[in-house]
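What follows is a set of notes on a single structure, which appears directly below.
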Amino acid sequence: MSRTVSAAALREEMKSVRPPQLIDVRTASEFVDGHIPCAINIPMDQIAARRPELRLEDGVVLICKVGIRAKIVAWRLGRRCAVRVLKGGTDAWQRDGLELVKS
């Protein structure tokens with residue numbers, strides 16, 4: 001089972017000196033429709049190939065629309081990785097009144 005973090009708690013962590021790396025695992029088109037500030041897009045089908053880009057020493061938070069795909073990616077990465085999942089995904093982030101960046 002993957003560890004989760006709430007939208008409110010993640011927002012506070014993003015203010016820290018060493019914030020976690022935010023990885024949005026949705027498709028590129030979903031990402032441009034609205035993503036959390038500072039998140040980078042690595043679609044779930046590219047995670048294995050792009051794993052060296054993950055800053056595991058800083059902690060990684062995986063994000064998708066509601067959390068299901070992020071949980072799948074967390075499971076694929078394995079228990080040894082310091083990854084968490086944004087509980088409720090970008091939907092929860094928006095419900096909490098937090099900003100999404102649209103490009």
Side-chain angles (χ1 to χ4, degrees):
M1 182 172 216
S2 57
R3 294 176 37 217
T4 62
V5 60
S6 70
L10 178 58
R11 181 70 182 130
E12 288 305 309
E13 286 182 39
M14 289 171 63
K15 298 175 186 176
S16 72
V17 175
R18 282 187 74 135
Q21 182 184 35
L22 308 181
I23 305 293
D24 193 315
V25 300
R26 297 175 299 159
T27 64
S29 62
E30 289 174 295
F31 183 77
V32 298
D33 280 344
H35 59 273
I36 295 172
C38 301
I40 62 170
N41 184 222
I42 303 178
M44 71 183 295
D45 62 344
Q46 296 177 16
I47 285 287
R50 296 178 63 187
R51 187 174 176 156
E53 295 176 43
L54 302 181
R55 294 191 337 252
L56 297 173
E57 67 281 358
D58 293 335
V60 172
V61 176
L62 301 172
I63 304 161
C64 66
K65 183 171 173 48
V66 296
I68 295 169
R69 286 177 280 182
K71 285 180 184 179
I72 292 168
V73 171
W75 178 80
R76 287 180 183 167
L77 288 171
R79 293 181 186 203
R80 293 183 193 154
C81 295
V83 297
R84 293 176 292 159
V85 171
L86 175 60
K87 186 177 183 179
T90 56
D91 284 357
W93 185 267
Q94 261 190 312
R95 274 193 310 275
D96 280 4
L98 300 169
E99 171 191 12
L100 287 181
V101 176
K102 296 185 181 203
S103 17

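The chain is numbered in sequence order, starting from 1.
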Which residues satisfy the side chain to side chain donor-acceptor pair (under 3.5 Å) test with [X], sequence neighbours excluded?
X   : result
S29 : T27
Q94 : none
K87 : none

Kindly write out the residues that satisfy salt bridge (Lys or Arg N to Asp or Glu O under 4.0 Å) with [X], not counting sequence neighbours, or none if the list is empty.
X   : result
R95 : none
D96 : none
K15 : E12

For this session: For residues 48-71, pull every pair meeting ring-ring contact (aromatic ring centres under 6.0 Å, His included), keeping only residues two or more places apart or in separate chains.
Result: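 For residues 48-71: none.
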Exercise. Do any pairs count as a ring-ring contact (aromatic ring centres under 6.0 Å, His included) and have a residue in residues 11-56, sequence neighbours left out, and if so which ones?
Worked result: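 Those involving residues 11-56 are F31-H35.
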Exercise. How many angstroms lie between OG1 in T90 and NZ in K65, if you round to the nearest 0.5 Å?
Worked result: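 So the OG1 of T90 and the NZ of K65 are separated by 5.5 Å.
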Problem set entry | Pairwise distance CD(E99) to CZ(R11) - rounded to 0.5 angstrom |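 The distance works out to 7.5 Å.
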Problem set entry | From CA spacing to verdict: side-chain contact (heavy atoms from CB on, under 4.5 Å), M44, L62 | CA-CA 10 Å; M44 71 183 295; L62 301 172; over 6 Å; no
Problem set entry | Nonpolar side-chain network containing I63, other nodes, edges under 4.5 Å |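 Result for I63 is V5, L10, M14, L22, I36, V61, L86, W93, L98, L100.
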Problem set entry | Hydrophobic cluster (4.5 angstrom, side-chain heavy atoms) - remaining members for V17 |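 ILVMFWY cluster around V17 holds nothing else.
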Exercise. Just by modelled atom types, is the P19 backbone N or O under 3.5 Å from a matching donor or acceptor in the D58 side chain?
Worked result: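 Checking the backbone N and O of P19 against the side chain of D58, no donor-acceptor pair under 3.5 Å is found.
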Exercise. With sequence neighbours left out, what residues match I47 under side chain to side chain contact (heavy atoms under 4.5 Å, CB included)?
Worked result: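 Listed in chain order: I23, V25, I42, V73, L77.
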Problem set entry | A70 to C64 - nearest heavy-atom pair and separation |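 Scanning both residues completely, I find the closest heavy atoms to be N-SG, 3.4 Å.
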For this session: Write down the atom of N41, the atom of A28, and the distance for their closest heavy-atom approach.
Result: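 Heavy atoms of N41 and A28 come nearest at OD1-CA, 3.4 Å.
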Exercise. Do any pairs count as a salt bridge (Lys or Arg N to Asp or Glu O under 4.0 Å) and have a residue in residues 30-52, sequence neighbours left out, and if so which ones?
Worked result: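 Non-adjacent pairs meeting salt bridge (Lys or Arg N to Asp or Glu O under 4.0 Å): E30-R69, R50-E53.
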Problem set entry | Side-chain touch R18/E57, heavy atoms, less than 4.5 angstrom |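 Result yes, sub-4.5 Å side-chain heavy-atom pair found.
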